Visitor: 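Provided herewith is a single structure, encoded as structure tokens, for subsequent inquiry.
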Amino acid sequence: MFQPSSTFQVEAARHSLRFLDCDMYYTAEELNILLKTLQGSTIRERENFFSLVIACRRRTRKKWVECPIAKLFTLPDEFHLLKLRAGVERTREAIERKGMQLQDAFTLFDIDENGVLSPEELYGALEWLGVSDLTPADIMDLVRHVDMNRDGNIGYGEFAEAIRGTGLSPSATTGADGIPQSVPPSLVRTPSTAAAFEAAKAGKHVITPKGVQELKQLQMQEIKQQKLREKAEAAREKEIEKRKKEQEGDLTALLRRGMYNPVKEEPFTVKVSLGAKDGKERKMILSTITTWEFTKKVMPKGVQVKGGVMQLQPDPEFEKKFNYLFVKPSSYVSIPFSKVNGGEGCNKLNQFTLSIEILVDRLPRKKHMYSMIHLSSLASKAKDGRLTSILFLHSNGSISFKRVPGDIQAARANQWFLLTVAVDNIAGTYAVYVDGQLHDFVARKDVMYMDGPLAIQSGFGLFKSENPREMAGGNVRRMYLHTEVLTKEAIQKLEKDLPTGPGSNTTRKKLASMGFPNYGIDEAINSCGESLQMCINYLRMMGYNEEY
């Protein structure tokens, strides 16, 4: 049964979130709750955290050292705050008993008339007021509590704010005369308080600074302790940095050995503009490219594989990298991807270009087809209840969105090719490219619409279908996902910039550059596979000479 949280839990959660939001204005009661919530952390940890967070904010940065939040970085817990508030309250009552106004009391305590109260002046003033049971350490704590700008002294604004007993807020600031609003009426100048001030002023010589040596010694000790804390913090940060570098070194070693395979996401299209006011250059990432590498000793991070999988040995014609063969007809690959491309009312990735370096060991039998790419969102289904396959490989080597084969052969058995599909659900169009050449184009707004079945929500996959006869597996080497619809020129550039290897049809290109005819090259590759030397020997044996 649900039980509502206590009042303290609710308030602690609220003020903790305000602290995370870099709010700087708190009442004394709110600071008390926040101190109790954060008492498990050190003063320096709080200050470092707050400084790092506020440095990330784009809004105008205010000087928090002069705001009530500063007290959070001088007091270890709420009990110290309670003790200091008690000391301030005793001071206020003593001033009232003397019958003085706030400004007059400050002027009276400022013995050297420099506009601020030093710790020794405050110590002597409190003894004159009758608050005489405080130690030098208590005075230093009181100065730290009241001194909001951290100059080691107490100005009139700080003195008046402490006497009022609450934290400043945007709507509760000092008045035009410099006196904080909501000052107790007994501390506002009246004829009687003016007379009391004149009487006290006549005997001002009775107020003398106290504990000069003791307070100076405490200040030196605090400076020394502060330096030690800073030194310890610097050593701790250095140790953290050292461990971070060690971890990065271990990670680099794992990457070099192929035992760690992260998914890479990088900016692709970036808009650069100049600020209207400051003229500074600003960059906005419009789209990204995500890369999955299947050439390592381990699968890309997050990739889920079902069914049989085999890691092929390094290929000397492909940078001595691995590639994966999904050997069983029931094998398939699921790739999680949850990034959306934004847009009003858009919950899925509606515009994208997916490119895969792929190889199949055989073509489907006549009147059969294989599923190449599906947008099942890992577990979800389309409106008709079926997993959404968006690309099929047909028996004649054509690749299409439809279950009907096309007229142009695009794929060949045992030959790597770059398969690219550009989907625009907003425009209702779909294009298929093979090795950078347009192979199929479909415009169907009945199945392609915003957040429709052909949009990516939580992932996509390879080789999967609801019909087991449409699953044949295959080899995969690399996969790229752009969060925008690429042009034909951009797709051709992607194909051209692929690393040297069979996936970019290196064998075919080298044979073509040697002058062998295309029909002979097709025959050689179909017979010998991707081995360049075997294809050359086969072509020469069959009478196809260079520069035919």
Side-chain angles (χ1 to χ4, degrees), residues 28 70-71 74-76 78-166 178-180 183-190 192-225:
K71 294 183 177 65
T74 59
L75 302 170
E78 76 273 19
F79 300 108
H80 282 74
L81 178 61
L82 182 62
K83 177 181 177 181
L84 293 172
R85 287 176 62 189
V88 171
E89 181 63 20
R90 291 176 63 193
T91 303
R92 184 185 68 81
E93 291 177 352
I95 293 174
E96 289 182 342
R97 285 196 300 270
K98 291 288 186 179
M100 289 188 295
Q101 180 239 12
L102 195 60
Q103 178 70 58
D104 294 339
F106 183 85
T107 303
L108 188 67
F109 300 158
D110 184 15
I111 300 172
D112 56 9
E113 299 181 350
N114 64 347
V116 295
L117 299 183
S118 63
E120 52 269 22
E121 288 176 334
L122 179 64
Y123 201 179
L126 291 176
E127 183 175 77
W128 180 77
L129 289 172
V131 186
S132 57
D133 57 346
L134 298 178
T135 65
D138 294 332
I139 296 298
M140 293 305 300
D141 286 340
L142 189 58
V143 171
R144 280 194 300 269
H145 175 62
V146 178
D147 180 22
M148 299 182 70
N149 62 4
R150 299 188 177 187
D151 63 353
N153 299 304
I154 300 175
Y156 174 67
E158 297 166 336
F159 178 76
E161 173 59 26
I163 295 300
R164 189 177 61 163
T166 60
I179 299 176
V183 170
S186 58
L187 298 180
V188 178
R189 178 177 286 275
T190 63
S192 60
T193 58
F197 170 70
E198 293 299 330
K201 188 176 180 181
K204 182 176 180 179
H205 62 278
V206 301
I207 304 178
T208 58
K210 181 182 178 182
V212 177
Q213 294 300 326
E214 294 91 335
L215 292 172
K216 186 175 182 180
Q217 186 177 1
L218 283 175
Q219 286 177 325
M220 296 300 295
Q221 290 178 358
E222 286 186 1
I223 293 174
K224 186 177 180 179
Q225 291 176 357

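Bear in mind the structure is a predicted one, so any value in this text is a computation, not a measurement.
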Visitor: From Leu218 CG over to Ile139 CD1, what is the distance, rounded to the nearest 0.5 angstrom?
Guide: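 Leu218 atom CG to Ile139 atom CD1 measures 10.5 Å (nearest 0.5 Å).
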Visitor: Using the side chain to side chain contact (heavy atoms under 4.5 Å, CB included) criterion, which residues pair with Val116? Sequence neighbours excluded.
Guide: Asn114, Asn153
Visitor: Does the distance from a Lys or Arg side-chain N to an Asp or Glu carboxylate O, for Lys83 and Asp138, drop under 4.0 Å?
Guide: yes
Visitor: Please list, chain by chain and in numerical order, all residues satisfying side chain to side chain contact (heavy atoms under 4.5 Å, CB included) with Gln217, sequence neighbours excluded.
Guide: Gln221
Visitor: Check Gly152 against Pro119 and note the closest heavy-atom contact, atom names and distance.
Guide: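 In terms of heavy atoms, the two residues are closest at O-CD, 3.7 Å.
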Visitor: First locate atom CD1 of Ile163, then atom CD of Glu93, and finally report the distance between them rounded to the nearest 0.5 Å.
Guide: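 Rounded to the nearest 0.5 Å, the CD1-CD separation comes out at 10.5 Å.
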Visitor: In terms of side-chain geometry, is the basic nitrogen of Arg90 or Asp133 positioned less than 4.0 Å from the acidic oxygen of its partner?
Guide: yes
Visitor: Charged N to carboxylate O under 4.0 angstrom, Arg92 versus Glu96?
Guide: yes
Visitor: For Asp147 and Glu158, which heavy atoms make the closest approach, and how far apart are they?
Guide: OD1-OE2, 3.4 Å
Visitor: Return the minimal non-hydrogen interatomic distance between Lys98 and Leu129, and the atom names on each side.
Guide: CG-CD2, 3.8 Å
Visitor: Compare all side-chain heavy atoms of Trp128 with those of Leu108 and state whether any distance is below 4.5 angstrom.
Guide: yes
Visitor: With sequence neighbours left out, what residues match Gln219 under side chain to side chain donor-acceptor pair (under 3.5 Å)?
Guide: none
Visitor: Should the ring pair Phe106 and Phe159 be called parallel, tilted or perpendicular, given that the plane angle runs from 0 to 90° and is split at 30 and 60?
Guide: tilted
Visitor: If you take all heavy atoms of Val131 and Ala94, which pair is closest and at what distance?
Guide: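 In this case the closest contact between Val131 and Ala94 is CG2-CB, 4.3 Å.
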Visitor: Tell me every residue that passes side chain to side chain contact (heavy atoms under 4.5 Å, CB included) with Glu214, counting only those two or more places apart in sequence or in another chain.
Guide: Pro136
Visitor: By side chain to side chain donor-acceptor pair (under 3.5 Å), which residues pair with Lys216, not counting sequence neighbours?
Guide: none
Visitor: How long is the span from the CG atom in Asp112 to the CD atom in Glu120, to the nearest 0.5 Å?
Guide: 8.5 Å
Visitor: Listed by chain and number, what are the ring pair (Phe, Tyr, Trp, His ring centres under 6.0 Å) partners of Tyr123, not counting sequence neighbours?
Guide: none
Visitor: Identify the residue among Leu122, Ile154, Ile95 that makes a side chain to side chain contact (heavy atoms under 4.5 Å, CB included) with Phe109.
Guide: Ile95
Visitor: If we only count heavy atoms from C-beta on, is the Tyr156 to Asp110 side-chain gap below 4.5 Å?
Guide: no
Visitor: Would you name the heavy atoms of Ala160 and Leu102 that are closest together and state the gap between them?
Guide: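 Heavy-atom minimum between the residues: CB-CD2, 3.5 Å.
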